[in-house]
2 protein chains.
Amino acid sequence: MAQKRELLDAIRSQGRRLTRQRQLVLEILEEGAEHLDAETVFERARERDERIGIATVYRTLAFLKEIGLVDEHQFGEDHGHFEAVQSDRPHYHFTCMKCGKVVEFQSPQVMKLARKLCESDDLQVVEVHLHLSGYCVQCRPAGTDCR
Amino acid sequence: MAQKRELLDAIRSQGRRLTRQRQLVLEILEEGAEHLDAETVFERARERDERIGIATVYRTLAFLKEIGLVDEHQFGEDHGHFEAVQSDRPHYHFTCMKCGKVVEFQSPQVMKLARKLCESDDLQVVEVHLHLSGYCVQCRPAGTDCR
DNA sequence: GTAAATGCAAACCGTTTGCTGTACA
DNA sequence: TGTACAGCAAACGGTTTGCATTTAC
């Protein structure tokens, strides 16, 4: 859970407000610890506040992203997935092409490699997205092996 | 340019047809050698065939992707970008957050690292998407250095 | 009290689909 | 000549926006 104090500071620093709805959305992302899409966040929010609207969810997700409390991922689908940032724990994802399961990795080697790739072109890396897809053990086509 | 022969085989093998429009879309992707979105492909196609429709462009892009002649990338934007595959040359992208410029990398190390990450969870890797973003030399905020 | 944020509904925009007519094999 | 494909327009689904109302500060 994010410290309430820090959260308040982050928000108020820009003359913006901590509303019931913003707390709710962030709470849902934090306790879920999954990669929820906006629709799912909306559904879960509705369970606790039946008056919240989908527009508020989208605006809040954009807002939380803007102040750095939430990350968005695409996963090759046509809609975004959101998660509360786990501070200074950059991580990467694998999606199973059959069952959709998502596995997370943490590996400093990825950032290291990214920096190395950028060196020769003098590029400054800010974000690194590594997204693998394939088959998990359960879904692997019979007879194939990790190639 | 893809060999016409191979192209025909790839298409006909499934009882499907090589139409003027499919040739046109593939031509545009190959000569552009950029990462075009569907709208841009459509505009360029219209210049040479004023009767082609956007639906045909989308259907053709999906078709070319299906038979493996075209790749789609998201680049964190809300719409897809397409490119003709350069056979067995997997590559990765960097997007400048200010000017939008795209830089490509080729590095076998990425696939190597991906496989290593997947080993312990017994995952079979099929696709690897590495997408970096940050600032190019021209756009780098003044006074900052490659951290 | 007064901006900022919400809720609702309508708009938006990239993409897909249904249908009828066209053209590749 | 039969069937895959094209063109058009309408539908779709995720996301954004305009506006009146509410609420945090």
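Below, chain A is the first sequence line, B the second, and so on; all start at residue 1.
- Taking the six-membered ring for Trp, B:H93 and B:H35 have ring centres closer than 6.0 Å.
- Neither OP1 nor OP2 of D:dA24 sits under 4.0 Å from any side-chain N or O of A:T19.
- Backbone-only engagement by B:R12 is indicated by non-hydrogen atom pairs under 4.0 Å involving sugar-phosphate atoms exclusively.
- Closest to the side chain of B:A55, out of C:dA9, C:dT17, C:dG14, is C:dT17.
- When the side-chain nitrogen and oxygen atoms of A:R51 are compared with OP1 and OP2 of C:dC8, one or more of them lie within a distance under 4.0 Å.
- In this structure, CD of A:E72 is placed 11 Å from C1' of D:dT15, rounded to the nearest angstrom.
- Nucleotide C:dT15 holds its C1' atom 11 Å from the CD atom of B:E39, rounded to whole Å.
- For the pair B:D78 CG and C:dT15 P, the interatomic distance rounds to 8 Å; values are reported in whole Å.
- Among the heavy atoms of the strands lying under 4.0 Å from B:A38 are primed sugar atoms or P, OP1, OP2 only; no base atom is included.
- To the nearest angstrom, C1' of D:dA6 lies 15 Å from CG of B:L61.
- For the pair B:L18 CG and D:dA6 C1', the computed distance is 14 Å after rounding to whole Å.
- OP1 or OP2 of C:dT15 lies within a sub-4.0 Å distance of a side-chain N or O belonging to B:Y58.
- For A:R17 against C:dA3, a side-chain N or O and a base N or O form a donor-acceptor pair under 3.5 Å.
- Aromatic ring orientation, A:F94 versus A:F105: perpendicular (interplanar angle above 60°, classes split at 30° and 60°).
- Here A:R16 lies in heavy-atom contact (under 4.0 Å) with sugar-phosphate atoms only.
- The residue A:I54 sits apart from the nucleic acid: no heavy atom pair falls under 4.0 Å.
- Put simply, A:Q21 has no side-chain N or O that comes within less than 4.0 Å of OP1 or OP2 on D:dT23.
- One finds a salt bridge joining A:E66 and A:R16 here, because a Lys/Arg side-chain nitrogen approaches an Asp/Glu carboxylate oxygen to under 4.0 Å.
- Distance B:R20 CZ to C:dA23 P: 7 Å, rounded to the nearest Å.
- Between A:H79 atom NE2 and D:dT16 atom C1' there is a gap of 17 Å when expressed in whole angstrom units.
- If you check the side chains of B:Q74 and A:H131, you find no donor sitting under 3.5 Å from an acceptor.
- Proximity of A:R22 to the phosphate of C:dA5: a side-chain N or O atom is located under 4.0 Å from OP1 or OP2.
- Atom CG of B:L24 and atom P of D:dG7 are 10 Å apart (whole Å).
- Counted by atom type alone, B:E127 and B:H129 present one or more donor-acceptor pairs between their side chains at under 3.5 Å.
- In terms of position along DNA chain C, the nucleotide closest to A:D49 lies nearer the 5' end than the nucleotide closest to the other residue of the pair A:D49 and B:R59.
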